[in-house]
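Quick note: residue numbers are just sequence positions, from 1. Heavy-atom basis, side chains included; hydrogens, waters and symmetry copies ignored.
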Amino acid sequence: MNVSNQTKIAIASLFVGVGAISFGSIFMKLSEMELSPNATVFNRFWLASVVFLVWHGYKAIRQRFSLEKSGEQQTYTSQDLLLLLGAGILWAATLGFLAWSLTQTSVAISSVLHNLAPIFTSLGVWLLFRQAFESQFLIGMAIALGGAIAIEFEELQIATDEVQGGFAAIVSAVFLSGYLLIVEKLRTKFSPATIQLWISAIAALAIFPILLFTQDQVFPSTVSGWLWVISLALICQVLGHGLLTYSLAKFSSVVVSLVHLLEPLFSGIFAVVIFSEKLTFSNWVGFAVVLMGLYLAISSQATVNFPFQESVKTIVNTFVKSITIKLLLLKQQFFETPALLGAVSLFVALIPISLAPSLTKLCEQEIGANAVGFHRSWIAAVVFALWNGLEALRRQQPDHQPIEQKPFTKKDVWLLLAMGSAATTSLLLWAWSLSQTSVANVALLSNLNPLFVAAAGYLLLGRRFDNRFVIGMVIALLGAIAFELHNIQFATDQILGDALAFLTAVFIATYLLLIEQLQTRFTTATIMLWRCGVTTMFLLPILPFIEERLFPYSWMGWFFIIFQALFCQVLGQGLLTYSLSRLSSGVVAVTLLLNPVLASIFAWFIFSEQVGLFDWATFAVVLVGIYLAQSSQSIIQVTNEGS
């Protein structure tokens, strides 16, 4: 196997190993409902040692009946035995002090101080092996450590009575550094399975007397208890630390300890999916900073045991070439396949459109939702007016052939006014319905608009939809309904609100159908200018009667309004309107069912609102329905708008 392939395997082993280890806190949390932390760790080690022992027995039998020679014919020297004994004791002490620190201080302080291990590992390498580090590595390590601290920053509360817990966490970081340094040394002679067999067995023997002294329950008493400790042993110790030990033959212990900083990132993501725990904005920022620091550190020559930069450059160059070729093919497909460009525009539009509720919530600290809609509309109208002005200047060029060469007819004006009125009415009805019924009912009933789009297309425009589109629409609708199903409640005092939400779906469907018709005559900029202009003129006279405050009173309020106008209205609604020149209104309506799901994900990201495993499942169901609808033969709507 060449060096490049070995490097790729080592990189994959390191990151997969850290990912497997990240399940440790989850399995510990589940196991500790029945066992103490020390008992859980003991079962983890003795079960892992049994697995590694069976693996060694299998290899011995295989070698005996084959012509293969053993890869480890070396005899154990006294130094080898001392190193193996030290690694096992240090690893057991690492987990023991970490568990003790969690009982004496907060999880945040324990995590931050335990994640200082790269500093002690680097110090050990410098003192013991006189290895120097490049400035790029040191900068990357500092950035990664800063990100690891930022992940827990909001929960840090340092108190004088928690000194013992903080000291224990620091000691665990020192022991972890020593463990990695010893394993790095052992990897020059022994296989990962041999090293982990010794470490697991020694660690189990080291913890067993503690269990006898504390008189804790040693073994689980239920099937679920055994399931968690077996999972902890197989996934975290055998797979996770086995791969981590393998990577130490290619990477230095310093870089392995740095990549180990990703463990809280993976653990946080797994906890979100399994336990519906919340991640704050500072958590995500911390994760991004850790990744940036790791990139700087790992790309440094000082972090590996052999020349690595050339291998990284080869991998990166190959990746860039592959992406470039794919982008060229994608660009060619865009111009040859109108539906593909429409689908991409629609999915990109969903991002700013789905972010609008979160931005509106931020604006509502100063003004109401209707006032936000008014400012959003008039700012966007100014932008689209400037856009149309530039288009008018371009029309003066002799080689430019615009699609709007004929004067507006009465029918055009009425269609544009009806389109703008339908959009404004749907917004007002939606806001009104929220005050009369539950949010879940509004989300459910207003999302029925694909049914009205399909019915109007069938009855008024004579459209026919194939079975694939109908099945996809039904699946997507069921997914959207299931998303809000646990919050839905129907009551007699909510009939007005439910009726308003139902009418909202009708007007949204009308809006989409009218835009689809207008796209055969006008550009996206013209349609959006009329849409925003009509909304502005519609809201201007009634806004003083329905809102107490019309203007924000801070620069931050204006910032969120302007950002929402440019990002959500100009970009989001503009791309949505453009997609209707390439796709049918039925497919666009079905795809918009992703809007409430994405809005909930953004609210989870910004406001730490809860998103459970069932919500992610319904998200997947909606995606399946959209895929079926968009891959049907009923989607294409080609107009005269320029490419």
Side-chain angles (χ1 to χ4, degrees), residues 154 280-282 284-285 349-389 420-436 439 442-443 446 497 500-501 504 507-508 511 525 528-577 595-596 598-609:
E154 291 185 354
T280 63
F281 184 69
S282 65
W284 291 106
V285 172
L350 277 170
I351 297 174
I353 291 174
S354 301
L355 191 60
S358 296
L359 292 174
T360 301
K361 187 174 181 179
L362 292 172
C363 294
E364 285 179 349
Q365 297 175 2
E366 300 186 17
I367 58 176
N370 291 310
V372 172
F374 169 74
H375 291 296
R376 169 175 156 170
S377 295
W378 77 258
I379 294 172
V382 172
V383 173
F384 285 115
L386 293 173
W387 191 339
N388 277 278
S421 300
T424 308
T425 305
S426 66
L427 289 176
L428 291 173
L429 289 174
W430 178 79
W432 188 11
S433 66
L434 285 173
S435 66
Q436 302 295 322
V439 175
V442 173
S446 62
L500 293 172
T504 301
F507 279 99
I508 292 174
Y511 169 69
M528 285 304 299
L529 174 60
W530 277 79
R531 187 248 200 248
C532 297
V534 171
T535 301
T536 303
M537 299 304 295
F538 200 106
L539 289 176
L540 185 60
I542 65 173
L543 202 59
F545 299 99
I546 59 177
E547 293 289 349
E548 294 181 1
R549 189 177 184 90
L550 302 183
F551 300 95
Y553 52 81
S554 69
W555 289 107
M556 186 59 67
W558 277 110
F559 168 77
F560 282 124
I561 285 175
I562 294 172
F563 180 76
Q564 189 174 169
L566 297 179
F567 189 63
C568 303
Q569 192 72 14
V570 176
L571 178 63
Q573 294 293 336
L575 286 174
L576 173 64
T577 302
N595 185 14
L598 290 176
S600 296
I601 293 174
F602 284 128
W604 161 65
F605 182 78
I606 297 173
F607 301 112
S608 298
E609 294 184 1

Are the side chains of L427 and L539 in contact, using a 4.5 Å heavy-atom criterion? no

Show me, pair by pair, the donor-acceptor contacts under 3.5 angstrom made by side chains of residues 556-566, not counting sequence neighbours?
residue : atom : partner : partner atom : Å
Q564    : OE1  : T360    : OG1          : 3.0
Q564    : OE1  : R376    : NH1          : 3.2

Identify all side-chain donor-acceptor contacts of residues 530-538 below 3.5 Å with residues at least two apart in sequence or on another chain.
residue : atom : partner : partner atom : Å
R531    : NE   : Y511    : OH           : 3.2
T535    : OG1  : T424    : OG1          : 2.9
T535    : OG1  : R531    : O            : 2.9
T536    : OG1  : W378    : N            : 3.3
T536    : OG1  : C532    : O            : 2.8

Atom [atom1] in [X], atom [atom2] in [Y]: separation rounded to 0.5 Å?
{"X": "L576", "Y": "C568", "atom1": "CG", "atom2": "SG", "result": "12.5 Å"}
{"X": "R549", "Y": "L543", "atom1": "CZ", "atom2": "CG", "result": "13.0 Å"}
{"X": "I351", "Y": "L575", "atom1": "CD1", "atom2": "CG", "result": "10.0 Å"}

In terms of heavy-atom contacts, F507 and S426 come closest through CB-CB, 3.9 Å

Sequence neighbours excluded, the answer for side chain to side chain contact (heavy atoms under 4.5 Å, CB included) partners of F545 is none

When you look at I379 and V570, which way does the side chain to side chain contact (heavy atoms under 4.5 Å, CB included) test go after all the steps?
-> CA-CA 9 Å; I379 294 172; V570 176; over 6 Å; no

